[in-house]
Structure formats: C-alpha cells, structure tokens
Amino acid sequence: MSNPVDRPPSHLFYQTRQRRPLLDRGEGIYLYAEDGRRFLDGSSGAMVANIGHGNRAVLDAMKAQMDKATFGYRLHFENAPAEELAARTARRMPDGLDRVFFVSGGSEAVESCIKLARQWAIATGAGQRYKVISRFPSYHGSTLGALALTGMATMSQPFAPMMQEMPKIPAPTCYLDRDDLSDEARGLRYAEALRDCILREGPETVLAFIVEPIGGASTGALVPPDSYLPRIREICDEFGILLIFDEVMTGAGRTGAFLGADHWPAAKPDIVSLSKGFAAGYAPLGAMVADRAVVEPVLDAGGFIHGYTYAGNPLACAAGLAVLDEIERNDLVGNAARMGEALRTRLEALKDRYPFIGDVRGRGLLLAFELVADRETMAPLPTALNAHVELVEAAYARELIIYSRRTRGGIAGDHFMVCPPLIIDEAGLDELANKLDDALAAFAAANDLPTAA
Ligand SMILES: Cc1ncc(COP(=O)(O)O)c(C=O)c1O
C-alpha cells in the first residue's frame with residue numbers, strides 16, 4: 001500500500017497492519033498530524049465530525065460537566081444532561097417518537113431498535129414475529145445482531161454460523177437500471193420487493209423492516225426516488241410491521257434536514273437509531289428514539305430487557321447537548337443543504353473532467369461519487385485496480401481525507417464519500433475540490449485512465 005508510515009511496531013491492532021500518522025489536534029475542518037501535516041477532513045472521519053473539530057463551546061460544556069460528575073449508573077441516579085438531551089432530541093423527531101434510549105454507538109443503537117421491536121411484538125401478543133428484513137447492500141453495524149441485518153457478504157460471511165441472518169431485498173440502485181421506467185416507477189418497483197419478501201417469509205413471522213433512508217457507506221449515499229419510502233410505509237402498515245430508520249449516519253443534520261426521514265414526511269418511522277453526528281465525535285454516544293406506542297406496551301409488560309453500562313452517561317450526554325446547541329445556533333442543517341448543493345456542483349465538474357466518474361449522488365453533505373469503467377454500462381473498474389484504496393491514498397498524500405468502499409455489495413465497484421463537516425464554507429469547498437482534482441489526476445495517470453481535454 002502507498003503512503004507508508006515510518007513508526008515503531010504497535011501493540012494496537014484494528015482491521016489490518018496499515019499504520020497512520022499520530023494525530024496531534026483538530027481545528028474546524030482540519031486535523032493536524034504530529035509531523036506537522038494539516039489534513040482537510042473531507043469525510044468528517046467516518047461521517048461523524050459534523051460540527052468540526054475542537055469546538056470551544058462543546059469542550060467548555062464537557063469540562064463543566066466533568067467538574068460535577070462523569071459517571072452515575074442509571075439504576076442509581078438520573079442525570080440532568082441525559083434528561084434534557086432526551087427532551088431536546090424528542091422535539092426534533094416526527095410526531096409520536098418521544099421515547100429516547102441512550103447508547104454509546106451506532107451498532108448498539110441498531111441492536112436496541114431490533115430488541116425493542118421484538119419485545120413490542122411479544123407484549124402485543126405477536127410473539128411469532130422475529131424476522132427483520134433489510135436491504136442489500138446496507139450497513140447496520142458490526143455486532144452480531146446488527147451484522148445479521150447488514151447486507152455486505154464480505155463482512156458477514158465468516159460469522160454466518162454464529163448468527164441468524166435476516167432476509168434481504170435489493171436497495172433501490174436505480175442509477176444502474178437500464179430500463180424504460182421513470183425513477184418514480186422504479187422506486188415503486190423496488191418497494192414492492194419488500195411486499196414480495198414479506199409474503200415469501202410469511203407475514204405473521206415478520207417483525208420489522210430496517211432501512212437507511214439515504215444510504216451510507218455501503219451504497220455510497222444512495223437516495224431513493226420520492227415514491228420509495230412512502231410506499232414502504234404503506235406496505236409495513238398493511239402487514240403490521242414496524243419501520244425502523246437507521247439514521248446513524250443521516251441523523252443530526254448531515255443530509256440538510258435533521259433526519260433523513262424529514263425529506264419524506266409520508267414515511268414516518270416507528271423507531272430511529274442515531275449516533276455519529278449526534279455527539280459529532282466529542283463523546284461516544286448514540287440513541288434509539290421510538291414511538292411511545294411501541295415503548296409503552298413493553299414497559300407495561302414488565303420492562304425492556306436490554307441495557308448498556310454507559311447508557312445515558314452524563315459526560316456523553318453533556319457533549320450531545322452542546323453539539324445540538326451548536327447545530328441549532330449556527331443553522332448547520334441549513335448549511336448542510338446549501339454547501340451540499342455547492343459541493344455537488346464541484347463534484348459534477350470533476351465528473352465532466354474524469355470520464356471514469358460514473359455517478360455523483362447524495363443529499364446535503366452526505367455525498368459520494370462512484371468510479372466506473374464505462375458510463376454506458378456502468379461496469380465497475382477492474383477490481384485489481386483497487387481504486388477504492390488507491391484513490392483514498394492519492395488524496396491522503398495530498399492531505400485530503402475521503403472515505404471509500406466497494407460499491408456492489410462489497411465485492412466490486414468503488415465509491416468515495418465526500419462528506420466534510422457541516423461548518424464548511426465555499427473556501428473550504430474550493431480547497432477540497434482542488435485537492436480531489438489533483439488526486440484524481442494522479443490516479444488517472446497512474447492507471448492510464450482517460451481524462452477529458
Ligand atoms: C447506517 C449505520 N448504521 C450503523 C452503523 C454502526 O455504527 P458504529 O460503527 O458506531 O457501531 C453505521 C456505521 O458506519 C452506519 O453507517
């Protein structure tokens with residue numbers, strides 16, 4: 001792999017042996033390495049740092065909470081930051097979703113959603129319901145329950161014997177379809193795949209459908225046609241199935257609305273998962289927010305059999321509250337919409353220059369572009385090119401961070417998330433686009449790929 005780092009061996013390990021420079025500090029849209037390099041955080045880490053790095057107001061609020069208490073176990077004490085954050089979060093949700101359960105991350109949030117759904121079914125006399133249908137490709141987390149929902153064979157296959165994999169339907173990848181239908185008609189066709197799946201599985205066994213309203217890293221910011229989610233809602237209602245929106249990445253303003261769900265009011269979810277931008281990297285925090293009609297029967301029937309030690313941690317919740325203040329005070333949701341349009345224009349200009357960019361997609365500042373060998377057929381680049389690694393490294397060498405995945409179910413295709421912090425301005429976008437342009441030019445030259453004159 002390019003970009004080697006000359007550092008001594010470490011006791012730490014994650015996915016691979018790849019090393020990265022030591023982080024020194026973060027400021028706004030930039031991260032500084034100990035060696036003095038300044039990186040533009042073009043993906044907000046893993047679509048996390050929505051309000052930018054080193055926000056003084058958030059750090060001050062966290063320090064004030066640290067001076068009071070950093071931990072109080074929820075069975076022994078309630079705490080004011082958790083109470084207030086639950087109330088403020090509920091106010092930003094669709095009607096009825098006003099019961100909040102805090103966790104420490106996205107996978108925990110998703111686990112909580114499906115376990116609450118299951119207990120709701122038991123509490124309402126439908127204990128035969130246990131299947132949670134999801135999409136392919138999709139990403140819902142790495143713990144075994146969330147992984148069973150994740151539609152990415154490369155990630156789940158080794159663990160298949162250890163879990164009960166859940167039924168999948170195709171994600172609405174309309175940009176790959178070569179038929180005569182309109183996108184709206186295609187949206188309805190993809191939604192019908194849920195109905196077919198429910199009938200195939202036996203409606204009485206199906207508990208819920210979980211969906212990223214706008215796709216994240218697994219699909220590269222896939223936006224469904226406007227017809228899709230409202231029809232999904234109708235189908236769930238037809239069979240008494242809960243609709244779960246996994247808003248771990250889309251939530252807290254990233255798409256130019258507080259929730260992805262807000263783009264389609266006719267498709268109100270029953271349960272929502274949040275994390276990432278919710279505390280924006282200042283503390284490990286996530287939440288499940290559920291309709292009271294789902295929660296109350298569970299509490300009436302004896303309680304929710306689920307919980308994590310750090311749930312409702314006062315320090316994490318103080319960070320979450322201060323992040324929410326910053327989002328509201330600086331209209332970062334509006335800025336995500338405005339800067340999202342401006343960034344999309346710049347990405348479209350790069351698409352005009354580089355014929356191997358096949359698609360630019362997304363909403364707000366959840367944007368991505370996909371590389372292809374041929375725009376007509378949308379055939380991916382040869383997998384051996386390892387474009388999803390090589391272009392990220394070319395950008396990294398130019399001190400720009402972007403985030404990539406294999407597009408087609410984790411096996412082929414290459415897409416790149418371009419998702420800077422929601423505080424970015426036009427000058428930041430210019431710098432990002434120029435660095436990306438340089439990286440694409442270097443990648444094209446290294447692989448003999450054509451560029452437009
Ligand atoms: C939509 C979605 N759900 C769940 C998760 C899992 O979150 P975490 O990595 O915090 O466990 C992610 C992470 O990328 C995600 O994008």
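We're numbering straight along the sequence, starting at 1. First listed ligand is number 1; within each ligand, the first listed atom is number 1.
Salt-bridge check for R361 with E370: passed, with a basic side-chain N closer than 4.0 Å to an acidic carboxylate O. The residues E328 and R91 are annotated as not salt-bridged, no charged nitrogen and carboxylate oxygen being separated by less than 4.0 angstrom. Using a 4.0 Å cut-off between charged side-chain N and carboxylate O, D331 and R338 make a salt bridge. At a threshold of 4.0 Å, the pair D196-R200 does not count as salt-bridged, since none of the basic side-chain nitrogens sits closer than that to a carboxylate oxygen. A salt bridge does not link R135 with E212: every distance from a Lys NZ or Arg NE/NH1/NH2 to an Asp or Glu carboxylate oxygen is 4.0 Å or more.
Below 4.0 Å from some heavy atom of K276 lie the following atoms of ligand 1, by number and element: 12 (C), 13 (C), 14 (O), 16 (O). Near G141, with a cut-off below 4.0 Å to any heavy atom, the atoms of ligand 1 are 4 (C), 6 (C). For ligand 1, the atoms sitting less than 4.0 Å from at least one non-hydrogen atom of G106 are 6 (C), 7 (O), 8 (P), 10 (O), 11 (O), numbered in the order shown with element in parentheses. Less than 4.0 angstrom separates some heavy atom of D246 from each of these atoms of ligand 1: 1 (C), 2 (C), 3 (N), 4 (C). Which parts of ligand 1 touch S107 is read off a 4.0 Å heavy-atom cut-off, strictly below it: atoms 6 (C), 7 (O), 8 (P), 11 (O).
Counting heavy-atom neighbours within 6.0 Å of Y310 OH, excluding the residue itself, gives a total of 12 or less.
What sits closest to atom 16 (O) of ligand 1 on the protein, heavy atoms only, is M249 CE, 3.4 Å.
If you look at H140 next to ligand 1, the close heavy atoms, those under 4.0 Å, all belong to the backbone.
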